[in-house]
Participant: 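Dumping the structure here so I can ask a few things about it.
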Amino acid sequence: MCTESGSLVGRHAFSSWASCLQYDEETKYAFVGDFAGQITLLKLEKDGCSVISNLKGHEGSISCLYWDPVQRYLFSGSSDHSIILWDIGGRQGRTLILQGHHDKVQGLCYLQLTRQLVSCSVDGGICVWNMDIEREEAPQWLESDSCQKCAQPFFWNIKQMWDSRTLGLRQHHCRKCGKAVCGKCSTKRSSYPIMGFEFQVRVCDSCYETIKDEDRTSLATFHEGKHNICFMTMDISRGLMVTCGTDRLVKIWDMTPTVGCSLATGFSPR
């Protein structure tokens with residue numbers, strides 16, 4: 001829509017419900033998340049809009065988006081409890097996964113000056129992520145008909161099961177290396193914050209041995225909102241956050257003790 005005339009400029013129909021939107025004034029790009037877990041990048045023009053690309057990475061619906069025009073980062077939160085950072089302007093499609101919530105992510109805000117990401121979820125969890133470090137990308141999951149560690153067949157590999165006279169095993173994936181492994185070769189669990197895994201996840205026994213104690217040091221802080229958050233926004237200049245809950249309460253939070261309060265961060269003490 002044109003904000004000056006109020007007239008319709010163009011329209012785009014999605015295959016599923018559109019759930020959230022972010023707009024970049026400089027490039028005239030719109031990022032639209034939908035219930036199918038896809039983010040559509042639209043180029044807005046004088047007489048309409050065109051699809052530039054589609055971003056796919058979430059297993060659940062997109063519940064919130066946040067666009068940082070300085071770093072050219074797009075953050076997406078989903079009902080799959082995860083957050084993805086899409087490096088739109090930089091490293092050729094780099095994506096980082098952040099897993100630190102136990103429920104649907106409902107709000108996101110990136111603090112560019114302190115390199116921190118604030119996220120909120122339905123269960124009232126508030127997480128402050130340290131993004132001022134070189135994080136590792138989670139690997140793509142590999143597919144195989146047999147365990148890539150012990151070579152035992154998975155249950156759909158009928159030929160190898162018949163030839164070896166063994167029962168097929170269930171397939172799992174190591175979150176650190178991405179290899180397809182069986183349960184016996186992935187008995188360990190570990191957090192790995194540098195890759196975004198703040199909670200313990202499945203890793204193969206080989207990768208577990210390579211993870212040191214200092215590698216498990218958390219790169220985020222967790223806080224309790226004490227109500228089911230359905231919306232969040234921030235006044236970054238003052239370090240204030242507002243959350244709305246299903247309990248019909250609006251809470252105003254002073255985030256400066258958590259994210260910092262100094263001239264370097266741009267927050268002014270009160």
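As a basis for the values below, the full set of heavy atoms in this structure was taken, side chains included, without hydrogen atoms, waters or symmetry mates. Quantities reported herein were computed from a predicted structural model and do not represent experimental measurements.
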Participant: Taking atom types as modelled, find out whether Ser79 and His81 have a side-chain donor-acceptor pair closer than 3.5 angstrom.
Facilitator: no
Participant: Return yes when atom CD of Glu136 has more than 12 non-hydrogen atoms of other residues, nucleotides or ligands closer than 6.0 Å, and no otherwise.
Facilitator: yes
Participant: Under a 4.0 Å threshold between the charged nitrogen and the carboxylate oxygen, would Lys212 count as salt-bridged to Asp215?
Facilitator: no
Participant: Taking the six-membered ring for Trp and the single ring otherwise, decide whether the centroids of Trp86 and Tyr73 are under 6.0 Å apart.
Facilitator: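 Not under 6.0 Å, so no.
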Participant: So, the side chain of Lys188 versus the backbone of Val201: is there a donor-acceptor pair under 3.5 Å, distance only?
Facilitator: no
Participant: For the backbone of Leu219 and the side chain of Glu198, can you confirm whether one donor and one acceptor N or O come within less than 3.5 Å of each other?
Facilitator: yes
Participant: Within the side chain of His173, is there an N or O that forms a donor-acceptor pair under 3.5 Å with the backbone of Leu142?
Facilitator: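 Between the backbone of Leu142 and the side chain of His173 there is a qualifying donor-acceptor contact (under 3.5 Å).
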Participant: On the six-membered ring of Phe199, is Arg216 placed so that its NZ or CZ lies under 6.0 angstrom from the centre and within 45° of the ring axis?
Facilitator: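 The answer is no, since Arg216 fails at least one limit relative to Phe199.
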Participant: May I ask you to check whether Tyr23 and Tyr29 place their ring centers less than 6.0 Å from one another?
Facilitator: no
Participant: For His227 and Thr246, test the side chains for any donor-to-acceptor distance below 3.5 angstrom and give the result as yes or no.
Facilitator: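 Side-chain D/A pair, His227 to Thr246: absent.
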Participant: What pairs meet the salt bridge (Lys or Arg N to Asp or Glu O under 4.0 Å) rule with one or both residues in residues 3-31, with sequence neighbours excluded?
Facilitator: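 Residue pairs with at least one partner in residues 3-31: Glu25-Lys28.
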Participant: Please check if atom NZ in Lys184 has more than 12 non-hydrogen atoms from other residues, nucleotides or ligands closer than 6.0 Å.
Facilitator: no
Participant: When clusters are formed from ILVMFWY side-chain contacts under 4.5 Å, directly or step by step, what else is grouped with Met1?
Facilitator: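 Answer for Met1: Leu8.
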Participant: Can you find a side-chain donor-acceptor pair between Asp205 and Thr187 that sits under 3.5 Å?
Facilitator: yes
Participant: Can you tell me if Asn130 uses its side chain to pair, donor with acceptor, with the backbone of Ala220 under 3.5 Å?
Facilitator: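 Between the backbone of Ala220 and the side chain of Asn130 there is no qualifying donor-acceptor contact (under 3.5 Å).
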Participant: In this structure, are over 12 heavy atoms from other groups packed under 6.0 Å from Ile133 atom CD1?
Facilitator: yes
Participant: Donor-acceptor pair, Arg135 side chain versus Asp132 backbone, under 3.5 Å?
Facilitator: no
Participant: Please check if the side chain of Ser19 supplies one atom and the backbone of Ile62 the other of a donor-acceptor pair under 3.5 Å.
Facilitator: yes
Participant: Can a side-chain donor-acceptor contact be found between Ser121 and His102 if the only test is distance below 3.5 angstrom?
Facilitator: no
Participant: Please check: side-chain N/O of Ser191 versus main-chain N/O of Gln200, any donor-acceptor pairing under 3.5 Å?
Facilitator: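 Pair absent, no side-chain N/O of Ser191 close to backbone of Gln200.
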Participant: With distance as the sole test, does Gln99 use its side chain to make a donor-acceptor pair with the main-chain N or O of Phe197 at under 3.5 Å?
Facilitator: no
Participant: Check whether any side-chain heavy atom of Met241 sits under 4.5 Å from a side-chain heavy atom of Thr243, and report yes or no.
Facilitator: yes
Participant: Has Ser63 got a side-chain atom pairing as donor or acceptor with Gly77's backbone, closer than 3.5 angstrom?
Facilitator: yes
Participant: Say whether, by atom type as modelled, one donor and one acceptor occur between the side chain of Ser82 and the main chain of Leu98 under 3.5 angstrom.
Facilitator: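 Flag not set: sc Ser82 to bb Leu98 has no pair under 3.5 Å.
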Participant: More than 12 heavy atoms of other residues, nucleotides or ligands under 6.0 Å from CD of Gln140: is that the case?
Facilitator: no
